[in-house]
Amino acid sequence: MTNSIKTLAVLTSGGDSPGMNAAIRAVVRTCSFYNKEVFGVYEGYKGLIEDRIEKLNARSVKNILNRGGTFLKSSRSEEFRTAEGRKKAFENVKKHKIDALVLIGGNGTFTGAHIFYEEYGIPVIGIPGTIDNDLYGTDYTLGFDSATNVVVDCIDKIRDTAESHNRMFLIEVMGRDSGFIALRSAVASGAIDVILPEEESPMEVLITEITKGATNQKTHKLIVVAEGNKLGDTFSIANELSKEFPQIETKVTILGHLQRGGAPSCLDRILASELGVAAVESLLEGKTDLMVGRQNKKVSYTPLEESITKKAALDPELLRIRKILSI
Ligand code: F6P
């Protein structure tokens, strides 16, 4: 491994996700293992601009592997979108003699990292951290597994009460632009339908599905709605359905930010640990401007530009089997 990189820094940016702490821990400990200095930047790019940068060591990251959120905190920095903001950030990178950066986050984080690398030539590696799983170049992003486990647990609970009262429930899950959480949790919880941002979901089709379910003696009516779907906001969908099925009481549950909290699942802890090590090792090997991911059980590297411009596709097999299983 090349020794030209002596000092690294790590930050988390954008919406937090379970597993970010585990990834920070892996980055810091890998740096210690290779005798490299490592800084933690607080509140993402905002902290890089405001010089909220502190030295970390292997012990600074004890007891965080199992904790949700990010102890470095996170933000969405408007200032880093500007050339002046990035210049201030670069001044601080120089001040602390930081040779390379590890950025944990999603699309916005990687867009910033890519521009920063192009402008200032500071080597950057991204670790995919978002519950949305919407990044091209990795099978899973940090937090997706934990979030879907939370969602499935909630839907199981809603099913109990939905069954008891013969009610219809629309359960809104996160996914401003993507339906990964919605699709996976719908299949895992046996919902009768799922409304995704990636698909047109005409009201007539939804009505047909619900009618079919009733004809087939289905005793619950659970529908998973991704927040960014094309049909409209969840309360309006529920209103439409209430008009169509006045005999069924229809309720809405918005799961919201509780999907982003809680301890990371085992899968997320392992993914975070592997990607944290891979991020540091790849920088030390001279790689840059890439996202580290896992594809087909192997660490993979995708140019940051590709990871932000290409669209991660929903699993076609899940899309197919949801129709078969909700019969
Ligand atoms: O973390 C991604 C995400 O959960 C999106 O699905 C959602 O739309 C967004 O973050 C909301 O986050 P915030 O309230 O932090 O803006």
Side-chain angles (χ1 to χ4, degrees), residues 11-24 42-47 67-81 103-113 126-138 140-155 170-186 194-199 224-237 252-265 267-268 271-272 275 291 293 307-308 311-315:
L11 62 78
T12 47
S13 155
D16 65 341
S17 66
M20 281 186 163
N21 273 327
I24 298 167
Y42 286 87
E43 265 191 82
Y45 292 125
K46 187 167 182 276
R67 278 176 42 207
T70 156
F71 95 98
L72 285 178
K73 300 185 181 292
S74 191
S75 69
R76 294 189 169 95
S77 169
E78 280 307 316
E79 204 180 349
F80 196 73
R81 290 176 198 272
L103 305 310
I104 308 169
N107 210 288
T109 308
F110 293 173
T111 305
I127 297 179
T130 162
I131 64 165
D132 289 344
N133 206 46
D134 59 347
L135 286 168
Y136 179 86
T138 189
Y140 297 112
T141 56
L142 300 183
F144 173 61
D145 184 61
S146 308
T148 44
N149 284 333
V150 168
V151 171
V152 169
D153 184 44
C154 291
I155 300 180
L170 274 73
I171 302 129
E172 185 187 291
V173 300
M174 275 187 165
R176 196 167 25 200
D177 307 305
S178 70
F180 284 91
I181 297 176
L183 178 60
R184 197 172 178 83
S185 60
V194 51
I195 309 180
L196 303 164
E198 289 82 354
E199 295 180 334
V224 177
V225 183
E227 60 174 339
N229 80 85
K230 294 192 174 115
L231 199 52
D233 82 272
T234 311
F235 284 101
S236 335
I237 301 173
V252 170
T253 303
I254 306 220
L255 295 182
H257 288 79
L258 71 82
Q259 295 162 86
R260 288 224 302 239
S265 65
L267 196 148
D268 274 326
L271 182 66
L275 296 186
M291 178 191 84
S307 78
I308 53 188
K311 181 113 181 91
L314 293 176
D315 182 341

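Both counts, for ligands and for their atoms, begin at 1 and track the order of listing.
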Q: Determine, step by step, whether D132 and R176 satisfy the salt bridge (Lys or Arg N to Asp or Glu O under 4.0 Å) criterion, reporting the C-alpha distance in whole Å, the side-chain angles of both residues, the deciding distance to 0.1 Å, and the verdict.
A: CA-CA 8 Å; D132 289 344; R176 196 167 25 200; 5.8 Å; no

Q.
Parallel, tilted or perpendicular, judged at 30° and 60°: which one describes the rings of F80 and Y45?
A.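 Parallel.
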
Q: Drop me the distance from L11's CG to K46's NZ, to the nearest 0.5 angstrom.
A: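 Reported to 0.5 Å precision, the distance equals 13.5 Å.
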
Q: Identify the heavy atoms of S307 and M291 that sit nearest to each other, and give their distance.
A: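 Looking at all heavy atoms of both residues, the closest pair is CB-SD, 3.9 Å.
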
Q: For ligand 1, find out whether one of its N or O atoms is nearer than 3.5 Å to an N or O atom of M174.
A: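 No: no nitrogen or oxygen of M174 is under 3.5 Å from one in ligand 1.
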
Q.
Below the 3.5 angstrom mark, is there an N/O of R76, backbone or side chain, next to an N/O of ligand 1?
A.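 Among all N and O atoms of R76, at least one is under 3.5 Å from an N or O of ligand 1.
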
Heavy atom of the protein closest to [atom] (residue, atom name, distance):
atom                    : result
atom 7 (C) of ligand 1  : E227 OE2, 3.0 Å
atom 5 (C) of ligand 1  : D132 OD2, 3.3 Å
atom 14 (O) of ligand 1 : H257 NE2, 2.7 Å

Q) Which bit of R260 is near ligand 1, meaning a heavy atom under 4.0 Å away: side chain, backbone, both or neither? A)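 Side chain only.
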
Q. Would you say the side chains of S146 and D268 form a donor-acceptor pair under 3.5 Å?
A.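 On atom types as modelled, these side chains qualify, holding a pair under 3.5 Å.
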
